[in-house]
Amino acid sequence: MDYAVSGVLIPSDQIADRVRVLGERIGRDYAGQDLMMVGILKGAVIFMSDLVRCIPPDVRVTMDFMAVSSYGDSTKTSGIVRIVKDLDSSIKGKNVLLVEDIVDTGLTLSYLIRLMREREPKSLRVCSLLDKEERRTVEVPVEYRGFRIPDTFVVGYGLDYSGQWRNYPDIRTVEPVRDAEL
Ligand code: IMP
Ligand code: MG
């Protein structure tokens, strides 16, 4: 089965408005404090780079990244997560905000949360642009959420299908195409 990019689910101006609101909330919650933002590569890169600029400078922000790969096909995760790139610095005693593009089953984040907790941060919260709540198989706390979306595969604004289509400025659905149409 092959897929093609289809209609716009969330237009870019709505994403920008929501990211601004999230940034302001994070700004209030961590005012006067340090905050280490940990982006999960590669999907969260575009969201995180917009989000960080919406957090007022009285929060002392640092940025780090982790890359994980979950064994599975292009549209599903298996729950077995491998760390491809770990953080560059220690999170011990720090306020950590995990920044994700999307929470689907929750398996990736629940694994990462467990791993991060063992490293004894001062606090640990999750910020995800998208949430496919009805697909959740393990509970994960998402303190900052952009949008709840239905159970449909989406691309754009950093999210990919087999590495492609991250560069759409909006969030779009994908549709299967029959071989005959290729
Ligand atoms: P989870 O472990 O099932 O919660 O899956 C989370 C990861 O699967 C996300 O970080 C994405 O990389 C990927 N993913 C889940 N749903 C989508 C989608 O609709 N589009 C693109 N990637 C997705
Ligand atoms: Mg991801």
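Keep in mind that what you see is a predicted model, and the values were worked out from it rather than measured. Start at 1 and go down the list; that is how both ligands and their atoms are numbered.
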(request) Consider every N or O of V155 and every N or O of ligand 1, then say whether any pair is closer than 3.5 Å. (result) no
(message) So does D151 get a backbone contact from the side chain of R135, meaning a donor-acceptor N/O pair under 3.5 Å?
(response) no
(request) With heavy atoms of V154 as the reference, note each atom of ligand 1 found under 4.0 Å away. (result) 18 (C), 19 (O), 20 (N), 21 (C)
(request) Decide whether D50 and Y157 meet the rule of one side-chain donor and one side-chain acceptor closer than 3.5 Å. (result) yes
(request) Please could you name the atoms of ligand 1 that T105 approaches to less than 4.0 Å, counting only its heavy atoms? (result) 1 (P), 2 (O), 3 (O), 4 (O)
(request) Please determine, by modelled atom types, if N95 and S123 share a side-chain donor-acceptor pair under 3.5 angstrom. (result) yes
(request) Out of I149, I102, D104, indicate the one that has the non-hydrogen atom closest to atom 13 (C) of ligand 1. (result) I102
(message) Does any N or O of ligand 1 fall below 3.5 Å from an N or O anywhere on G106, backbone included?
(response) yes
(request) Mark up the atoms of ligand 1 that fall under 4.0 Å of a heavy atom belonging to T108, in ascending order. (result) 1 (P), 2 (O), 5 (O), 6 (C)
(request) If the plane angle is over 60° it's perpendicular, under 30° parallel, otherwise tilted; pick one for Y161 and F153. (result) perpendicular
(message) Show the nearest heavy-atom pair for residues T108 and V81, with the distance to one decimal.
(response) CA-CG2, 4.0 Å
(message) Using a 4.0 Å cutoff against the non-hydrogen atoms of K132, which atoms of ligand 1 qualify?
(response) 16 (N), 17 (C), 18 (C), 19 (O)
(message) Taking 4.0 angstrom as the limit and counting only heavy atoms of E100, give me the atoms of ligand 1 inside it, by number and element.
(response) 10 (O)
(request) Applying salt bridge (Lys or Arg N to Asp or Glu O under 4.0 Å), run through R136 and D104 and close with a yes or a no. (result) CA-CA 6 Å; R136 202 61 43 81; D104 186 25; over 6 Å; no
(message) My understanding is that we take every heavy atom of each candidate and find the minimum distance to atom 12 (O) of ligand 1. Doing that for D101, D151, L130, which one comes out nearest?
(response) D101
(request) Below 4.0 angstrom from a heavy atom of L107, which ligand 1 atoms are there? Numbered from 1 as shown, please. (result) 2 (O), 4 (O)
(message) Salt bridge check, D131 against R145: does any charged N sit closer than 4.0 Å to a carboxylate O?
(response) yes
